[in-house]
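The structure presented is a predicted model; accordingly, all values stated were derived computationally and were not measured. Position 1 is the first residue of the sequence, and the numbers go up from there.
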Amino acid sequence: MHRLMNGVGTVHQSSESWMNAPVQSNGATPRSKHVQDEFACDVFSERLMQQRLPKEVFRRLMQTIQCGDPLPHEVADVVASSMKEWAVEQGATHYTHWFQPLTGSTAEKHDSFLTPDGHGGVISEFTGGMLVQGEPDASSFPSGGLRATFEARGYTAWDPTSPVFLIHGPNHVTLCIPTAFVSWNGEALDKKTPLLRSMDAVSASALRVLKLFGTDEGVSRVYATVGAEQEYFLIDRELYYDRPDLVMCDRTLLGALPPKGQQLEDHYFGAIPPRALAFMAECERELYRLGVPVKTRHNEVAPGQFEIAPYFETANLACDHQMIVMETLRRVGPRYGLRAILHEKPFAGINGSGKHLNWSLSTNTGVNLLDPREETHTNMQFLVFLCAVIWAVDTYAELLRASVAAAGNDHRLGANEAPPAIISIFLGDMLMDIIEQLESGQPKKTMKGGKLDLGARSLPQIPRHTGDRNRTSPFAFTGNKFEFRAVGSSAAVSWPTTVLNTIVAEALDEIGARLEKAMGKNPTPAKREQAVRDVLQTIVIDHRRVIFNGDGYDQAWHTEAEQRGLPNLKDSVSAFAAISSKKHVELFKKHKVLTKPELDSRSTIFFEKYCKQLMIEGETMVSLARTRILPAAWRHQTELVDALAASESMDIENPELRSEVEKVIGLVRNTQARVVALEAALHAGHGSPEKHAIQIRDKVRPAMEAVREVVDELEQHVADDHWPLPKYQEMLIIK
């Protein structure tokens with residue numbers, strides 16, 4: 001994956017901080033003046049708010065956005081009126097509270113601005129109450145037991161830290177208001193509410209540590225910052241609709257590899273096919289208008305696979321924008337006869353898709369707390385935050401692994417295209433050298449990278465980094481941020497970000513408490529430095545086991561990780577079971593991110609979704625085999641038998657044909673038997689969501705793999721004009 005090289009660690013508190021950046025003569029901003037004027041219209045940006053709102057109202061609103069202060073009703077009324085006027089000017093007739101339920105996608109209920117006036121006419125109305133709160137049905141969304149079917153009331157609550165935006169359709173414009181979604185009891189039924197709570201938690205813990213260093217002057221908040229890279233596949237839309245498995249499951253359940261896949265390594269970073277490039281350009285155009293700061297586009301490793309990557313933003317906004325990115329990819333595709341597929345493994349045998357979650361911490365004054373600077377060994381504040389992450393990842397490795405668990409991601413993690421399910425940290429040579437110095441005492445030097453002489457007079461000497469990158473690590477330090485590489489391509493990044501924020505908040509609290517105890521009430525600089533060295537030395541000794549700079553694909557690492565005592569939750573079912581442990585319940589409760597019922601509900605929902613996805617896949621596979629594959633194979637078998645009978649009637653010996661007939665007959669019989677076995681596994685007893693998930697993992701998935709194995713072999717023998725499904729070589733090669 002392409003690494004984000006721009007804007008890393010920079011806090012974009014809302015999209016307008018990027019959309020409204022002044023255009024400089026040196027071209028330092030990502031957009032020209034013409035582009036800025038053209039694309040800034042679909043976000044109710046800070047600039048627009050400042051222009052349209054009374055000065056005091058604007059000040060109060062910005063206080064809410066930047067500091068989290070409550071927004072008075074009278075201020076909300078003025079903001080709502082201004083929003084509506086702006087939206088109506090752009091052609092909007094409806095508004096919706098746009099939220100992220102626990103389905104993994106977004107949800108919306110559209111309401112018109114028009115309200116009966118009681119005299120046979122209508123008026124256009126949008127009050128502060130309508131802006132701040134909505135009331136969708138809470139019973140029809142996953143709740144994991146938090147809501148019974150007959151308990152329908154739920155609330156959406158405006159999140160002012162994420163700007164409203166407009167979505168344009170062929171004949172409509174809708175004002176979208178990012179919101180949280182909670183039950184009548186106030187329990188979180190979405191992904192945004194815990195994320196916002198976790199951002200508060202990590203900010204409070206980070207401020208506690210900064211205060212000990214005396215670097216908190218002017219710092220009122222610490223933001224988690226995120227940049228989520230997105231991989232996806234593009235296939236021809238007509239071929240997509242000819243594949244029921246893609247339509248129903250977003251992945252191919254059957255399909256043999258073509259002779260040419262990715263083995264020539266010619267697709268990665270190659271010239272982007274014209275239709276794909278046109279699609280990308282339109283996606284970017286729409287995303288710019290929505291304030292999403294996308295930066296990078298390129299071909300990925302597998303044929304038909306591509307990537308889009310953004311600038312860094314505050315975590316809440318980045319997570320909202322990531323949902324918009326996925327929706328935009330799906331929405332724009334049909335305009336170019338394409339379908340964007342976001343599943344982690346849509347095609348067996350070639351690379352799947354991930355979503356690297358680049359994460360850091362930054363103060364409201366713009367200081368990246370994970371920037372090591374030049375003389376890193378003297379930057380004790382950075383080393384404290386670095387060791388906090390090491391402590392957090394080692395202590396809560398199971399929870400971090402569970403945050404990326406999903407049925408689709410089980411196809412990737414551990415394969416030679418994605419990091420293993422063992423959570424470890426890659427630091428690189430320079431930081432590893434400093435960690436070793438910390439372990440033995442006081443760090444005294446920082447390793448330098450030097451220059452690379454490329455051997456040609458026309459080429460400049462380029463700076464050499466102090467350490468290489470490691471694409472096999474699930475959690476790697478990449479310059480001034482950590483890259484969580486295990487997230488799946490279809491996932492909402494809110495949940496892994498929530499987990500990461502919370503575990504680091506706990507680590508910073510632990511370190512802060514140790515430092516406070518060691519420093520005393522009035523520490524001298526020397527006493528502070530000694531306390532920091534002692535605390536960091538202890539952390540390194542206790543948690544060094546999680547640091548691994550080697551090849552995560554090597555089987556020897558699995559053996560070594562087991563010897564180190566690192567957990568290895570190899571599949572999602574095992575990972576889900578770890579979520580609601582007492583240790584994790586206490587963690588989320590302490591930081592007020594999730595209550596025990598809220599955490600338990602998520603564990604239940606994850607099990608239920610796993611079961612539903614696999615049941616849909618299994619039943620789709622049975623249907624495909626019975627109604628498409630086997631009839632096609634029987635027709636081919638009949639033709640072969642007829643050809644053999646005709647040869648023998650003319651006394652023509654054809655042992656090769658007879659062998660082929662016997663081969664096909666055997667494959668057809670084997671297919672029939674394995675389909676029957678899959679049906680039996682699908683209809684076996686269920687029990688609780690966890691027990692059902694275990695049964696699916698242990699019985700249904702192996703049965704599906706057995707069907708696929710024989711059908712994929714059968715595909716190599718059945719005549720092409722009989723085969724009922726588009727093949728890999730068609731879907732992946734056609735651009």
- request: Could you tell me the separation between the CE atom of M323 and the NZ atom of K192, rounded to the nearest 0.5 Å?
  value: 10.5 Å
- prompt: If only atom types and distance count, is the side chain of N409 paired as donor or acceptor with the main-chain N or O of A486 below 3.5 Å?
  reply: yes
task: Give every residue pair that meets the salt bridge (charged side-chain N to carboxylate O under 4.0 Å, His left out) criterion with at least one member in residues 248-259, sequence neighbours excluded.
output: R251-E617
- prompt: From I308 CD1 over to T296 OG1, what is the distance, rounded to the nearest 0.5 angstrom?
  reply: 9.0 Å
- prompt: Got a sec, which pairs hit ring-ring contact (aromatic ring centres under 6.0 Å, His included) with one end in residues 227-259, sequence neighbours left out?
  reply: F233-F347
message: Nearest 0.5 angstrom please: E705 CD to L678 CG, how far?
response: 11.0 Å
task: Could you tell me whether the side chain of S360 and the main chain of K481 form a donor-acceptor pair under 3.5 Å?
output: no
- request: Keeping the roles fixed (side chain from Y728, backbone from I733), state whether a donor-acceptor pair exists under 3.5 Å.
  value: no
message: Measuring only between side-chain heavy atoms, which start at C-beta, is Y610 closer than 4.5 Å to V573?
response: yes
- request: Give a yes or no on this: more than 12 heavy atoms of other residues, nucleotides or ligands lie within 6.0 Å of atom CE of M615.
  value: yes
field: By ring-ring contact (aromatic ring centres under 6.0 Å, His included) - contacts of W359 (at least two apart)
entry: none
task: Return the orientation label for the F141 and F99 ring planes: parallel under 30°, perpendicular over 60°, tilted otherwise.
output: perpendicular
Interatomic spacing from OG1 in T106 to CG in D190 - rounded to 0.5 Å: 12.5 Å
Student check: side-chain heavy atoms of E307 and N299 closer than 4.5 Å: no
query: Below 4.0 angstrom, N of the basic side chain to O of the carboxylate: do E238 and R339 qualify?
result: no
message: Please tell me whether E108 and H110 have a donor and an acceptor in their side chains that are separated by less than 3.5 angstrom.
response: yes
message: Pair E679, R626 - check salt bridge (charged side-chain N to carboxylate O under 4.0 Å, His left out), show working.
response: CA-CA 11 Å; E679 278 189 303; R626 289 203 183 282; 2.4 Å; yes
- line: Per salt bridge (charged side-chain N to carboxylate O under 4.0 Å, His left out), R297 is matched among E229, E284, E282 by E284
message: Is it true that N351 and Q305 share a donor-acceptor pair across their side chains at a distance under 3.5 Å?
response: no
Gap between atom OG of S603 and atom CD of E608 - 0.5 Å precision: 10.0 Å
message: Under a 3.5 Å cutoff, is there a donor and acceptor pairing between the side chains of S162 and D320?
response: yes
- request: Can you measure from CD1 (I605) to OG1 (T103) and round to the nearest 0.5 angstrom?
  value: 9.5 Å
- prompt: Do the ring planes of W495 and F606 sit parallel (below 30°), tilted (30 to 60°) or perpendicular (above 60°)?
  reply: tilted
field: Residues in ring-ring contact (aromatic ring centres under 6.0 Å, His included) contact with F306, at least two apart in sequence or another chain
entry: H267
message: Can you pull out every salt bridge (charged side-chain N to carboxylate O under 4.0 Å, His left out) where at least one residue sits in residues 717-727? Sequence neighbours excluded, please.
response: D720-K727
field: Pairwise side-chain contact, D236 with M731, heavy-atom cut-off 4.5 Å (strictly under)
entry: no
- prompt: Can you list the steps and then say if E713 with R708 is a salt bridge (charged side-chain N to carboxylate O under 4.0 Å, His left out)?
  reply: CA-CA 8 Å; E713 186 177 358; R708 175 162 201 157; over 6 Å; no
field: Qualifying residue, where the test is side-chain hydrogen bond (donor to acceptor under 3.5 Å, both in side chains) with S490 and the options are H343, E344, Q230
entry: E344
- request: Could you name each residue pair satisfying salt bridge (charged side-chain N to carboxylate O under 4.0 Å, His left out) that touches residues 684-697, not counting sequence neighbours?
  value: D571-R697
- prompt: Given side chains that start at C-beta, do those of K191 and C319 come closer than 4.5 Å, heavy atoms only?
  reply: no
query: Crowded around R669 CZ? As in, over 12 foreign heavy atoms under 6.0 Å?
result: no
Polar side chain donor-acceptor pair, T620 to D245, under 3.5 angstrom: no
Residue of the set F484, F426, Y396 for which ring-ring contact (aromatic ring centres under 6.0 Å, His included) holds with F475: F484
- prompt: Are S424 and P474 side-chain neighbours, meaning at least one heavy-atom pair lies under 4.5 Å?
  reply: yes
- prompt: Do any N or O atoms from the side chain of T498 and from the backbone of S494 form a donor-acceptor pair under 3.5 angstrom?
  reply: yes
